[in-house]
Amino acid sequence: MARLVSSSLLRGLARSCRAPSTATVSRPAFQQFMNYSSGISGDSNVNGGTSATRVTADTDTHQDFQPTSKGSDMSLQDIVAQDIKENPVVIFMKGYPEAPRCGFSALAVKVLQQYGVSITARDILSNMKLKESVKAYSNWPTFPQIFINGEFVGGSDIILSMHQKGELKDLLGDSAQKGEQDSAQ
């Protein structure tokens, strides 16, 4: 009895899920409501980037509920430049200082933490376009990339070498002295 009920139920669900053979959806009618650009099969944004979804406004919908654009006017190049300009120590790395996802990134963070400086970090693994923007900005292919006082310094090997020679403390200047005073108190 249970088998009969379950098979009848499944047949009924299967019939209700099938599209009626007489109903067809024309592509132009569908496109009047939504225009997707998915980055797949010949779309203009094939490089794996996120693309916008445009939804036409419904005249019966109140203005407060109309679709809005949530993008900013700043490009990723502008964001990278602003980060570097506004922060004394910036590291573009794989992961975050608290949880590096690369040995080189972890090494760079440990060296910088020796000086007690405030580190601004961006995870390049979470956004491939950010990664490419940083590479283009610095003209350097590998990560981590460390910027101190607005200047590109290099990666973890260069930071480690500068630390061992005593040059990093001079480069960090006031930031390192402030960090050392804060840790002594």
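The residues of the chain are indexed from 1 along the displayed sequence.
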Kindly determine whether Ser133 and Gln77 satisfy side-chain hydrogen bond (donor to acceptor under 3.5 Å, both in side chains), including the steps that lead there. CA-CA 6 Å; Ser133 295; Gln77 284 281 359; 4.7 Å; no
Check [X] against [Y] and note the closest heavy-atom contact, atom names and distance.
X	Y	answer
Ile158	Gly154	CD1-CA, 3.8 Å
Lys94	Phe143	CE-CB, 4.5 Å
Val89	Ser118	CB-O, 3.7 Å
Ile91	Ala108	CD1-CB, 3.8 Å
Phe104	Ser156	O-CB, 3.2 Å

Phe152 atom CZ, over 12 foreign heavy atoms within 6.0 Å: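 Yes, the 6.0 Å shell around CZ holds more than 12 heavy atoms from other groups.
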Counting heavy atoms not belonging to Asp170, are there more than 12 under 6.0 Å from its CG?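 It does: Asp170 CG has more than 12 such atoms within range.
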Here's a test for you: under side chain to side chain contact (heavy atoms under 4.5 Å, CB included), which of Val117, Asn87, Leu172, Val90 qualifies with Ile148?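 Looking at Val117, Asn87, Leu172, Val90, the match for Ile148 under the side chain to side chain contact (heavy atoms under 4.5 Å, CB included) is Leu172.
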Side chain to side chain contact (heavy atoms under 4.5 Å, CB included) between Tyr115 and His163: does it pass, once the steps are laid out? CA-CA 10 Å; Tyr115 296 92; His163 169 69; 2.6 Å; yes
Nearest 0.5 Å, please: how far is CD1 in Ile146 from OG in Ser105?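 The CD1 atom of Ile146 is 8.0 Å from OG of Ser105, to the nearest 0.5 Å.
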Which distance, rounded to the nearest 0.5 Å, do you find between the CD of Gln114 and the CD1 of Ile159?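 So the gap between those two atoms works out to 12.5 Å.
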Given Met162 and Leu171, is the side chain to side chain contact (heavy atoms under 4.5 Å, CB included) satisfied, shown in steps? CA-CA 9 Å; Met162 290 177 74; Leu171 183 61; 3.5 Å; yes
Using a strict cut-off of less than 4.0 Å between a Lys/Arg side-chain nitrogen and an Asp/Glu carboxylate oxygen, indicate whether Arg122 and Asp83 qualify as a salt bridge.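 Salt bridge between Arg122 and Asp83, a charged N being under 4.0 Å from a carboxylate O: yes.
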Within the 4.5 Å heavy-atom criterion, are Met93 and Ile124 side-chain neighbours or not?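 No, every pair of side-chain atoms sits at 4.5 Å or beyond.
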